[in-house]
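Labels below follow one simple rule: chain letters A, B, ... track the order of the sequence lines, proteins then strands, and each chain is numbered from 1.
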Amino acid sequence: MTITRRAVVRGLGIGMSMPFMARPAMSQAAGLMARSIPKTGEALPLVGLGTWITFNVGDDSVLMDECAAVIAAFFEGGGRMIDCSPMYGSSQPTIGHGLARIGYPERLFSAEKVWISDTSGGAAQIEASREHWGVARFDLMQVHNLVSWDEHLPALFSMKASGRLRYVGITTSEGRRHREIEQVMASEPIDFVQITYNILDRAVEERILPLAQEKRVAVIVNRPFRQGDLIRRFEDAPLPDWVAETGARSWAQFLLKFIISHPAVTCAIPATTRVDHVRENLEAARGILPDEKLRKRMTAYVEAL
Amino acid sequence: MMAEWATYTLADFLMFSPRVYFRLVERYNQGLWPFQLVFIAGALAVLFATATDGRRARAAAMATLSVAWFFCAWQFLWLRYSTINWAMSYGTAAFMLQSGLLLLAILWTDRAALPANSLRRRGGIGLMVFGLLAYPFLPLIAGRAPASAESFGTMPDPTAAVTLGALVAFLSQKLWLLLPIPLLWCAFSALTLLAMEDFGAWAPFVVILTTFALLLVRR
């Protein structure tokens, strides 16, 4: 059974009424399954929007409008969290362009990063990011790739205490510096941790995801498709005969459902430049999610390909 | 730390998509047209200089190359490329420095040129011809739109190729000062194109290898 992303997008109009399986600490926001931020109980849809590479389009007005359409479709589909970084080139102004076009939806959950080794420049960088987005304040500010985290975190906690931020977090990607991540999670009162997790990169299952549950830290998952590599790798392979049991109808949804079905995961943030793909990604947060037994079966199937 | 670096791949350093980059080049070319012709005329002057032993001609060639590097830095790297690649602020500074060094090189053109029939000089001219005439046709074999063509004076890669050719062809001193930036740029560009899986990545690699091969030739 070969299913392409395009075919699935065409078929999105049907099959949306699959039974919803209630899970602990989960709810539905705008029709999408959501999971609570452990420290506040605020619900976040399980699928968000990443912007690495995809939104770095410079001043190309055609491409900026394409990204604005993706943002519009993301909110139409019930999305909340958009994640970015000063490292992502022109992605911040692109987000600002898209949000301005749809009038800054109230349910936006803005996740940004501070990425500067000279921490005296942190406040100015955050302010520049805020101006690019055009928001009054960020919901979440993360220390990007642990850069000078021990100096940035006190400043971010101070901003949170004075109401200039709502949440504080740290990030890493591709399995790097996990010991340091664990150290920060264990010793600092952070609200979020952002890590790489997908069906082939599962190192975080050992220690970081259990630690997040223990410390009540929300988890954002980046690189759910390994920057599209997993989609390209599997798109010509058949989905398993039992794919309906997972609730997925494409490889993208199969891969996303594996990630967001882990109970420690709060939100996965796939990035895309296409409206049909953002809709398809959001659909992964509808319907049913695989249980632990099915997750193991999904892993075994993919590893055997 | 070594273990962490081992986890990086070339693609991890690419912060934009091939579509975005080549659209940027196409829009740049369309905005400049027909200014590219001015640089082609300048490049012909550089070629002419290599065919003579005249000191003034060599000085004019250095001045032309200096203007080309300045133009690439200002118009492409700073105003365009840096909008999708923050590292281009450093690239702009390096290109400005190279522009200044080429101006200084005018002072060093009073030494006798290499013999007209020397292999190194003929090879340098070949490299210049490659940068001038072959580069604009790279999109055809790389499967890209012709509008993404790169030409001397407006885009960094052919500018670096022509510069390296001119330097090895008829500058006999201070090469250690003038070659590093063009060579490093070619390496950076080749790796960027490789990360974008663009077939044109071989071109800057060939320019680097040819330059080193010519430097090894004694006459």
* Within 6.0 Å of CD in A/E206, more than 12 heavy atoms from elsewhere -> no
* Mind listing the closest non-hydrogen atom pair of B/I84 and A/G58 along with its distance? => CG2-N, 3.3 Å
* Atom of A/I53, atom of B/L14 and distance for their closest heavy-atom approach -> CD1-O, 3.3 Å
* Asked: Can you name the one residue among B/R80, B/R23, B/R27 that meets salt bridge (Lys or Arg N to Asp or Glu O under 4.0 Å) with A/D59?
  -> B/R27
* To do: Heavy atoms only: give me the nearest B/M15-A/Y88 pair and the separation to one decimal.
  => CE-C, 3.9 Å
* To do: Determine whether more than 12 heavy atoms belonging to other residues, nucleotides or ligands lie under 6.0 Å from atom CD of B/E197.
  => no
* Asked: By a 4.5 Å heavy-atom criterion (distance strictly below it), what part of A/R226 contacts chain B: side chain, backbone, both, or neither?
  -> neither
* Under the side chain to side chain contact (heavy atoms under 4.5 Å, CB included) rule, what do A/N56 and B/V20 come out as? Steps first, then yes or no, please. => CA-CA 8 Å; A/N56 183 18; B/V20 166; 6.0 Å; no
* Can a salt bridge be assigned to the pair A/D60 and B/R19 using a cut-off of 4.0 Å between side-chain N and carboxylate O? -> no
